[in-house]
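Notes follow once the structure below has been shown.
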Amino acid sequence: AARAASAILSWQLTLALLVIGPPIAVVLSIFGGRIRKAGRRRQEQVSEVMQRFVQILSGIKVVKAFGAEKLESDAFKTEVMRYFRRVVSVIRNRVYSRALVEFISQGVMVTVVFLGIWAVIGDFWGLTLGTLMAFSFVSGSLYRPLKALTQVWNGIHDALPSAERIFELLDADEELSDESEAVAISRLSKGIRFRGVVFHYGREEVLRGLDLEIPAGQTVALVGPTGAGKTTIADLVLRFHDPESGSIEFDGVDARKITRSSLRQLCAVVTQEPFLFDTTILENIRYGRPEASFAEVV
């Protein structure tokens with residue numbers, strides 16, 4: 001409405017005022033991208049700070065036992081300062097964007113007013129002093145929405161990295177459902193066999209053409225350095241992941257043709273790091289088989 005009123009008062013000055021559009025669009029585009037990029041780094045650093053904090057609390061006995069309080073304090077301070085710098089980077093770009101938009105908008109408006117004064121003095125464009133004053137008042141009303149637009153635009157780009165990290169979790173693939181022809185198994189009589197199993201974590205190859213046979217009733221220990229794939233093999237047995245090629249067979253049946261629930265009922269897991277639920281020892285032992293009797297637990 002304000003723009004239409006300006007055009008009615010003086011279409012020549014309105015055209016001059018529209019020059020404000022392209023440079024402001026360029027400023028918002030450039031700094032919007034910078035804010036988004038800096039905001040993404042800031043959110044990543046939040047995770048690093050929280051991870052370090054949880055690590056210190058979880059291992060506080062070890063920290064104290066080895067007298068490493070200053071070491072951990074300095075390391076945590078480094079992570080917090082890195083987060084602070086990344087927050088400052090976001091704020092700096094938001095301030096630069098707002099300042100440039102205000103500079104351009106105010107500069108163009110002042111220029112248009114002087115152009116109008118020149119038109120009144122030169123007596124052309126049919127512009128009078130009253131019309132110029134009315135035009136200045138109407139065009140000035142455009143400033144507040146323009147300023148709000150800048151703040152909203154910057155705010156959107158600041159919030160997008162957080163939204164992207166949330167949607168990465170929401171859009172993550174759920175565990176695949178069992179095949180329609182999957183069967184349930186109740187016991188293992190022959191054993192487990194890996195046939196040419198290949199598995200990657202992203203680009204990192206962990207298993208390449210693994211062949212392994214574990215007969216039922218035998219105890220097998222997997223020994224190797226960190227990253228050799230010991231935990232991955234256990235996860236594949238439990239079907240937390242499926243191999244990219246090759247197969248894992250239980251009594252000769254491909255694991256992908258066995259229901260996950262029945263497969264996991266045959267497995268008992270003791271994790272590398274002990275974990276207890278916040279309940280009684282009895283309930284922790286009974287976990288996974290809540291119907292087990294007290295005698296069975298003992």
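Atoms CG and CZ, on D251 and R187 in that order, are 8.0 Å from each other to the nearest 0.5 Å. We find the NZ-CZ distance between K37 and R86 to be 11.5 Å, quoted to the nearest 0.5 Å. The OG1 atom of T150 lies 5.0 Å from the CG atom of L28; values are rounded to the nearest 0.5 Å. Note that the CD atom of Q45 and the CD atom of E79 stand 5.0 Å from one another [nearest 0.5 Å]. Rounding to the nearest 0.5 Å places CD of E72 at 8.5 Å from CD1 of I60. To the nearest 0.5 Å, atom CG of residue N284 and atom CZ of residue F275 are 8.0 Å apart.
Counting heavy atoms of neighbouring residues, nucleotides and ligands inside a 6.0 Å radius, atom CZ of R165 exceeds 12 of them. For E181, the CD atom counts as loosely surrounded, since its 6.0 Å shell holds 12 or fewer non-hydrogen atoms of other residues, nucleotides or ligands. With a 6.0 Å radius and a threshold of 12 heavy atoms from other residues, nucleotides or ligands, L57 has its CG atom above the threshold.
Side-chain atoms of D211 come within 3.5 Å of backbone N or O of G196 as a donor-acceptor pair. Proximity of a side-chain donor or acceptor of S262 to a complementary backbone N or O of I185 within less than 3.5 Å is detected. Distance alone, capped at 3.5 Å, places no donor-acceptor pair between the E283 side chain and the T280 backbone. S73 contributes no side-chain N or O that, together with a main-chain N or O of E69, makes up a donor-acceptor pair within less than 3.5 Å. Checked by atom type and distance alone, the side chain of T78 pairs as donor or acceptor with a backbone atom of D74 at under 3.5 Å.
In this structure the side chain of F194 reaches within 4.5 angstrom of the side chain of I233, judged on heavy atoms. Side chains of V197 and L236 form a contact here, defined as non-hydrogen atoms less than 4.5 Å apart. Using a 4.5 Å heavy-atom threshold, the side chains of Q43 and E164 count as separate. The side-chain heavy atoms of D178 and R239, taken from C-beta on, include a pair separated by under 4.5 Å. Between R92 and S89 there is a side-chain heavy-atom pair separated by less than 4.5 Å. Counting heavy atoms from C-beta on, the side chains of F240 and R264 come closer than 4.5 Å. Using a 4.5 Å cut-off on side-chain heavy atoms (C-beta onward), S97 and V27 make contact.
Judged by the 6.0 Å distance and 45° axis criteria, R34 is positioned over the aromatic ring of F31.
When every heavy atom of S186 is checked against every heavy atom of L266, the shortest pair comes out as O-CD2, 3.2 Å. F250 and A255 make their closest contact through CE1-CB, 3.8 Å (heavy atoms, listed as atom of the first residue, atom of the second, distance). Nearest heavy atom pair, residue R94 against residue I35, reads CG-CD1, 3.6 Å. The minimum heavy-atom distance between R286 and P290, with the atom names listed, is CD-O, 3.3 Å. The two residues V90 and G39 have their closest heavy-atom pair at CG2-N, 3.6 Å.
One hydrophobic cluster, built from ILVMFWY side chains closer than 4.5 Å, holds both I281 and F294. Hydrophobic cluster membership is shared by Y201 and L207, with clusters built from Ile, Leu, Val, Met, Phe, Trp and Tyr side chains linked at under 4.5 angstrom. Both L210 and V220 are part of a single hydrophobic cluster, where members link through side-chain heavy atoms under 4.5 Å apart. Linking ILVMFWY side-chain heavy atoms closer than 4.5 Å, directly or via other members, places V46 and L169 in two distinct hydrophobic clusters. Residue L238 is not grouped with residue F199 when hydrophobic side chains (ILVMFWY) are merged at heavy-atom distances under 4.5 angstrom, including chains of intermediate members.
No salt bridge links E44 with R42; every basic N to acidic carboxylate O contact stays at or beyond 4.0 Å. Comment: D242 does not engage R256 in a salt bridge, judged by the lack of any side-chain N to carboxylate O separation of less than 4.0 angstrom.
Under 3.5 Å, the side chains of Y287 and T279 contain no donor-acceptor pair of N or O atoms.
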Just list the side-chain donor-acceptor pairs under 3.5 Å for residues 223-230, sequence neighbours left out, or say none.
unit_1 : atom_1 : unit_2 : atom_2 : d
K230   : NZ     : G224   : O      : 2.9
K230   : NZ     : P225   : O      : 3.1

